[in-house]
Amino acid sequence: MEEDNKTRTQEEVFRDKTDHYIVCFLNHCPLREQCLRWLVGQYVDPTRVVYSSINPHNPHYGNEHCGMFRPNRKAIMKRGFKNMYHEMPGYMEHNIRRWLILLFGRKQYFEMRKGERLITPEQQQQILETCRTNGWQGPINYDGEQEDWLW
């Protein structure tokens, strides 16, 4: 399981992200100082030849309406929901599980359920709406939470 980001510095977290996160090198972008992609890009290893980055020639990026912009802010992420179904009737559990697998995909659903993948506030809302739509009015019990960036 990933080390809790509370014990690591921002620089350590951003350096680790450079290998598998789309970064940005558009220094003319008006959003760069608030954008995770640009901030992470400041920590790339200058000796590497190739990185996954935003195309600097694409006119849709590097402006105040950039579709790749990710705000440099943290949110409360939930971790795991192994016990969410314990108090639900079986038919509700079956329907909710099926809808969540359709919504997130099988792999992502089980990574989220086991706590291997953090659950964003948007995903928490989707889980809540799925439960409510399928008749569950009780609490959504997550296994834990932590503050992290919305990558």
Side-chain angles (χ1 to χ4, degrees), residues 1-27 29-45 51-54 60-151:
M1 194 171 301
E2 187 176 314
E3 184 181 340
D4 190 335
N5 286 336
K6 291 180 186 175
T7 61
R8 302 173 66 212
T9 67
Q10 178 174 308
E11 180 177 345
E12 291 170 326
V13 173
F14 284 10
R15 279 193 195 284
D16 287 348
K17 272 294 190 199
T18 61
D19 287 336
H20 55 277
Y21 191 61
I22 297 173
V23 297
C24 180
F25 301 111
L26 298 172
N27 291 327
C29 180
L31 303 174
R32 71 180 181 275
E33 296 290 333
Q34 297 87 37
C35 183
L36 279 174
R37 296 192 190 283
W38 187 83
L39 293 168
V40 170
Q42 303 311 294
Y43 293 98
V44 299
D45 178 356
Y51 276 101
S52 182
S53 71
I54 296 169
H60 297 289
Y61 305 115
N63 58 54
E64 58 276 346
H65 303 293
C66 182
M68 296 297 284
F69 175 75
R70 295 293 177 270
N72 180 21
R73 67 176 175 181
K74 290 183 173 184
I76 300 298
M77 311 285 245
K78 302 294 185 180
R79 181 180 295 282
F81 51 91
K82 292 179 191 167
N83 300 314
M84 181 173 82
Y85 300 114
H86 282 207
E87 295 183 26
M88 288 181 193
Y91 73 93
M92 269 189 211
E93 174 186 349
H94 175 75
N95 288 338
I96 291 169
R97 183 187 316 267
R98 187 178 50 135
W99 279 104
L100 291 176
I101 289 172
L102 285 171
L103 180 63
F104 298 118
R106 189 168 196 76
K107 182 177 191 239
Q108 184 175 343
Y109 167 83
F110 282 104
E111 288 174 348
M112 290 164 59
R113 184 178 172 274
K114 292 187 286 185
E116 296 170 355
R117 178 188 292 255
L118 293 176
I119 304 166
T120 68
E122 179 183 342
Q123 292 166 332
Q124 294 167 40
Q125 185 62 36
Q126 291 172 313
I127 291 169
L128 177 67
E129 288 171 8
T130 300
C131 288
R132 298 301 183 248
T133 299
N134 285 280
W136 178 247
Q137 298 303 316
I140 309 300
N141 297 318
Y142 293 99
D143 300 340
E145 65 179 36
Q146 76 182 58
E147 188 176 48
D148 199 2
W149 283 274
L150 291 170
W151 299 107

For this session: Could you walk me through whether C35 and N72 pass side-chain contact (heavy atoms from CB on, under 4.5 Å), step by step?
Result: CA-CA 5 Å; C35 183; N72 180 21; over 6 Å; no

For this session: Check whether any side-chain heavy atom of I96 lies under 4.5 Å from a side-chain heavy atom of M88, and answer yes or no.
Result: yes

Exercise. Hey, are the side chains of T9 and F14 touching, using non-hydrogen atoms and a 4.5 Å cut-off?
Worked result: no

Exercise. Are the side chains of R98 and L103 in touch, meaning some heavy atoms are under 4.5 Å apart?
Worked result: no

Exercise. Is there a donor in the side chain of N27 and an acceptor in the side chain of W38, or the other way round, less than 3.5 Å apart?
Worked result: yes

Problem set entry | Name of the residue among R117, R106, R79 meeting salt bridge (charged side-chain N to carboxylate O under 4.0 Å, His left out) with E111 | R117

Problem set entry | Between SG on residue C29 and CG on residue N63, distance to nearest 0.5 Å | 7.0 Å

Exercise. Taking everything shown except E87 itself, do over 12 heavy atoms lie less than 6.0 Å from its CD?
Worked result: no

Exercise. When rounded to the nearest 0.5 angstrom, what distance separates SG in C131 from CD in E93?
Worked result: 10.5 Å

Exercise. Would a distance-only check, ignoring hydrogens and angles, find a side-chain to backbone donor-acceptor pair under 3.5 Å from Q124 to I119?
Worked result: yes

Problem set entry | Over 12 non-hydrogen atoms of neighbours within 6.0 angstrom of CD in E64 | yes

Exercise. Sub-3.5 Å donor-acceptor pair from the side chain of Q42 to the main-chain atoms of L39, do we have one?
Worked result: no

Exercise. Roughly how far apart are S53 OG and L26 CG, rounded to 0.5 Å?
Worked result: 8.0 Å

Exercise. Heavy-atom distance under 4.5 Å between the side chains of Y51 and D45, does that happen here?
Worked result: yes

For this session: Please report the shortest heavy-atom distance between I54 and C24, naming the atom on each side.
Result: CD1-CB, 3.8 Å

For this session: Can you see which heavy atom on G41 is nearest to which on F25, and at what distance?
Result: O-CE2, 3.5 Å

Exercise. Do side-chain atoms of T133 reach the backbone of T130 as a donor and acceptor pair under 3.5 angstrom?
Worked result: no

Exercise. Does W149 use its side chain to pair, donor to acceptor, with the backbone of W151 at less than 3.5 Å?
Worked result: no

For this session: Report yes or no: is the cationic atom of R97 (NZ for Lys, CZ for Arg) under 6.0 Å from the centre of the six-membered ring of Y85, at an angle within 45° of the ring normal?
Result: yes

Problem set entry | Spacing of R32 atom CZ and F69 atom CZ [to the nearest 0.5 Å] | 12.5 Å

Problem set entry | Test: R37 cationic atom under 6.0 Å from Y21 six-membered ring centre, within 45° of axis | yes

Exercise. Between F81 and Y109, is a ring pair (Phe, Tyr, Trp, His ring centres under 6.0 Å) present by the stated rule, with each step listed?
Worked result: CA-CA 10 Å; F81 51 91; Y109 167 83; 5.6 Å; yes

For this session: Return yes if some donor-acceptor pair links the side-chain N/O of Q123 with the main-chain N/O of T120 below 3.5 Å, else return no.
Result: yes

Exercise. Heavy-atom distance under 4.5 Å between the side chains of M77 and P121, does that happen here?
Worked result: yes

Exercise. So which heavy atom on L150 is nearest to which on R70, and how close?
Worked result: O-CD, 4.2 Å

Problem set entry | Interatomic spacing from CG in L100 to CD in Q126 - rounded to 0.5 Å | 9.0 Å

Problem set entry | Side chains of I101 and F110 in contact at under 4.5 Å (non-hydrogen atoms) | yes

Exercise. Is there side-chain contact between L118 and K78, with heavy atoms separated by less than 4.5 Å?
Worked result: no

Problem set entry | Min side-chain heavy-atom separation V23-Y43 under 4.5 Å | no

Exercise. Does D143 use its side chain to pair, donor to acceptor, with the backbone of K82 at less than 3.5 Å?
Worked result: yes

